[in-house]
Amino acid sequence: MRAAKTTRASVLSGKAAFDRVFVARLKRNSRYFRFHFAASELDHARLGMAVSRRVDKRSVVRNRLRRQIRQSFRLAMATLPNLDIVVNAKPEAAQAPRGEVWRDLLDAWPRLRA
RNA sequence: GGAGUCGGCCGGGCGGUCGCUGUCGCGCAAGCGGCAGAGGAAAGUCCGGGCUCCGCAGGGCAGGGUGCCAGGUAACGCCUGGGCGGCGCGAGCCGACGGAAAGUGCAACAGAGAGCAGACCGCCGAACGGUUCCUCCGGGAAUGCGUGGCAAGGGUGAAACGGUGCGGUAAGAGCGCACCGCGAGUCUGGCAACAGACCGGCACGGCAAACCCCACCUGGAGCAAGGCCGAAUAGGGAUCCCAUGACGUGGCCCGCGUCGGAUCCGGGUUGGCCGCACGAGGCGCGUGGUGACACGCGUCCCAGAGGAAUGACCGUCCUCGACAGAACCCGGCUUACAGGCCGGCUCCAAUC
RNA sequence: CGGGGCGUAGCGCAGCCUGGUAGCGCACCACGCUGGGGGUGUGGUGGUCGCGAGUUCGAAUCUCGCCGCCCCGA
């Protein structure tokens with residue numbers, strides 16, 4: 001499986017950038033995640049993540065979810081339009097098996113193309 | 001072999017493809033290649049330090065902490081050794097373990113009485129009085145009724161003014177004796193905590209995780225500390241206090257320092273670099289020490305992000321993988337944790 | 001990273017400093033007043049005092065260790 005190379009440019013950073021995405025009020029839900037997005041000011045997609053302590057108390061679990069999100073983003077990146085996306089994890093994601101979460105993520109990205 | 005106890009260690013392995021962070025090398029550059037890349041608890045933040053700033057961090061008070069003794073350490077509330085007490089057949093384990101004879105306090109309910117106490121049921125005919133009986137008229141005997149004596153036994157309580165036994169006595173009582181306990185006595189051993197022997201007499205109950213006393217320790221904040229570079233805005237307005245005044249990050253005072261200061265309104269700031277990873281460092285050997293540990297020599301370089309790096313997928317093997325993710329660093333403590341390995345010691349059983 | 005606070009009846013709180021009885025309001029139940037409801041009066045039910053150790057004769061209260069929640073500062 002070939003993943004696109006990501007750089008610092010594909011990281012969404014700063015409170016202002018996050019707020020801009022949330023204000024756009026465009027959203028798609030999957031089983032374990034919420035995808036907020038807005039048209040990017042740049043010529044490529046950027047990813048931001050929100051996995052709060054409410055999802056799971058243990059940082060190990062939160063980090064695992066972030067890695068899965070990031071890795072799935074890399075795989076899907078080339079096919080995505082230039083959007084700024086914030087992925088928000090639902091608390092149920094912490095309880096679910098890893099494989100199931102991964103499949104949920106892979107299924108979700110193509111639906112954002114619309 | 002079984003049961004137990006103490007100490008130390010590991011905590012999925014191997015191979016492949018793609019990707020992430022740092023660093024080194026090459027390249028004008030996009031990049032390419034090499035190397036390294038979470039833990040024993042990284043956790044909780046309960047202690048102790050390093051480092052940085054607060055002018056020096058100086059004296060006193062207040063506050064806080066520690067609490068058998070000695071040692072180790074940068075330091076500690078940690079560790080080691082020893083003492084004392086408790087548990088265990090034992091190896092071992094556990095202990096907030098200074099002072100109650102400096103003072104002030106506290107003890108519900110029950111109970112007669114709860115701290116220089118007390119007599120409910122009791123016990124006592126030795127003493128004084130009474131009553132009854134006997135009498136050889138001197139007195140004698142009985143009786144707990146009164147004056148009284150006692151606190152052994154019963155009973156209450158968490159606790160009842162040393163315990164057990166013997167003697168003693170009217171009944172009793174450290175009143176006497178033995179043992180135990182106790183003691184601010186003496187001697188001996190030990191750096192000390194303390195222990196042993198002798199001596200003394202029975203007085204000095206418990207609670208200091210009650211106030212407190214004693215000894216020792218303790219300035220405050222924190223890497224968003226703090227520093228450098230750059231950019232930008234402002235050099236304002238209002239109110240109040242004024243130089244025996246105001247301010248300074250400590251709770252207060254002294255001392256010291258500064259000369260306007262405080263509050264509110266308005267305005268600006270959310271770049272980059274350093275701090276930031278070579279350290280009270282790891283490993284090996286030697287020496288000293290019972291040990292914690294120290295010293296010497298050799299050797300190694302071992303995460304360093306900044307919306308935050310370890311992932312995805314495949315193959316394979318097994319005993320199918322617990323708790324869990326660094327954010328300035330280090331030493332401890334505490335808490336979580338599937339399974340497994342190594343060594344010391346103890347008890348039991350059996351065999352030679 | 002640092003600082004502070006809370007946890008007691010179904011809910012909101014006192015009691016804790018100074019240790020011995022867990023109390024108040026609302027709610028709930030029963031009865032009375034009313035034809036019924038509402039309202040009101042009287043009586044009553046209901047608490048492992050977040051969990052685990054320790055100190056004490058005795059702990060909601062004192063001490064230590066955990067757990068959960070909330071707030072504040074940079």
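Note that these values count all heavy atoms, side chains included, but never hydrogens, waters or copies made by symmetry.
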Worksheet item: Does B:G105 have a Watson-Crick or wobble mate here (both distances under 3.5 Å), and if so which one?
Response: B:C207
Worksheet entry | Short side-chain N/O contact from A:W102 to OP1 or OP2 of B:C313, under 4.0 Å | yes
Fill in: Nearest-Å distance for atom pair CG/P, residues A:L75 and B:C18
14 Å
Worksheet item: In Watson-Crick or G-U wobble terms, both distances under 3.5 Å, what is the partner of B:G343?
Response: B:C6
Worksheet entry | Any strand: nucleotide that pairs with B:U17 via Watson-Crick or wobble, under 3.5 Å | B:A312
Practice prompt. Take the protein atom CG of A:D56 and the nucleotide atom P of B:C323, then report the distance between them rounded to whole Å.
Written response: 12 Å
Worksheet item: Tell me: CG of A:L47 to P of B:C20, nearest whole Å?
Response: 14 Å
Worksheet item: In Watson-Crick or G-U wobble terms, both distances under 3.5 Å, what is the partner of B:A127?
Response: B:U147
Fill in: Contacts of type side-chain contact (heavy atoms from CB on, under 4.5 Å), residue A:A39, not counting sequence neighbours
none
Worksheet item: Taking O4'-C1'-N9-C4 for purines and O4'-C1'-N1-C2 for pyrimidines, is B:G40 syn (within 90° of 0) or anti?
Response: syn
Worksheet item: Which heavy atom of A:A45 sits nearest a heavy atom of A:F73, and at what distance?
Response: O-CZ, 4.1 Å
Discussion item. Using Watson-Crick or G-U wobble geometry with both distances under 3.5 Å, which nucleotide pairs with B:C187?
Written reply: B:G196
Could you pull out the protein-nucleic contacts involving nucleotides 66-73 of chain C (nitrogen or oxygen on both sides, under 3.5 Å)?
from	atom 1	to	atom 2	distance (Å)
C:G68	OP1	A:K57	NZ	2.6

Worksheet entry | For B:C247, the Watson-Crick or wobble partner whose two distances fall under 3.5 Å | B:G257
Worksheet item: Looking for any heavy atom pair under 4.0 Å, which part of the strands does A:R58 touch: base, sugar-phosphate only, or nothing?
Response: sugar-phosphate
Discussion item. I'd like to check the side chain to side chain donor-acceptor pair (under 3.5 Å) partners of A:R34; sequence neighbours left out, ordered by chain and number.
Written reply: A:N88
Practice prompt. Find the distance A:R70:CZ to B:A309:C1' and express it as a whole number of Å.
Written response: 8 Å
Worksheet item: Rounded to the Å, how far apart are A:R62 CZ and B:A308 C1'?
Response: 13 Å
Item to complete: Stems involving RNA chain C: give each as a range paired with a range, ordered by first number, where a stem means at least three consecutive Watson-Crick or G-U wobble pairs under 3.5 Å.
Response: C:1-7 with C:67-73, C:10-13 with C:23-26, C:28-33 with C:39-44, C:50-54 with C:62-66
Item to complete: For A:P81, enumerate each residue passing the side-chain contact (heavy atoms from CB on, under 4.5 Å) test, keeping only those at least two apart in sequence or located in another chain.
Response: A:L83, A:R113
Practice prompt. May I ask which nucleotide in the shown strands pairs with B:G1, Watson-Crick or G-U wobble, both distances under 3.5 Å?
Written response: B:C348
Practice prompt. Hunt down the Watson-Crick or G-U wobble partner of B:A62, both distances under 3.5 Å, from any strand shown, or write none.
Written response: none
Worksheet item: Less than 3.5 Å between a donor and an acceptor, one on the side chain of A:R67 and one on the base of B:G325, is that the case here?
Response: yes
Response to the item:
In whole angstroms, the gap separating P of B:G307 from CD1 of A:I69 amounts to 17 Å
Discussion item. Just to verify, what does A:R66 make a side chain to side chain donor-acceptor pair (under 3.5 Å) with, not counting sequence neighbours?
Written reply: A:N63
Worksheet item: Taking CG from A:L105 and P from B:G311, how many angstroms apart are they, rounded to a whole number?
Response: 16 Å
Worksheet entry | Heavy-atom pair with the smallest gap, counting every atom of A:A93 and A:V101 | O-CG2, 3.9 Å
Item to complete: Sort and list the pairs that fulfil salt bridge (charged side-chain N to carboxylate O under 4.0 Å, His left out) and have at least one residue in residues 83-99 of chain A, not counting sequence neighbours.
Response: A:R20-A:D84, A:R46-A:D84
Response to the item:
In short, A:V55 meets A:A94 closest at the heavy-atom pair O-CB, 3.6 Å
Worksheet item: Sequence neighbours excluded, which residues qualify as side chain to side chain donor-acceptor pair (under 3.5 Å) partners of A:R31?
Response: A:E100
Practice prompt. Using ring pair (Phe, Tyr, Trp, His ring centres under 6.0 Å) as the criterion, list what pairs up with A:F35, not counting sequence neighbours.
Written response: A:W109
Worksheet entry | Separation of atom CG in A:L65 from atom P in B:A312, rounded to whole Å | 11 Å
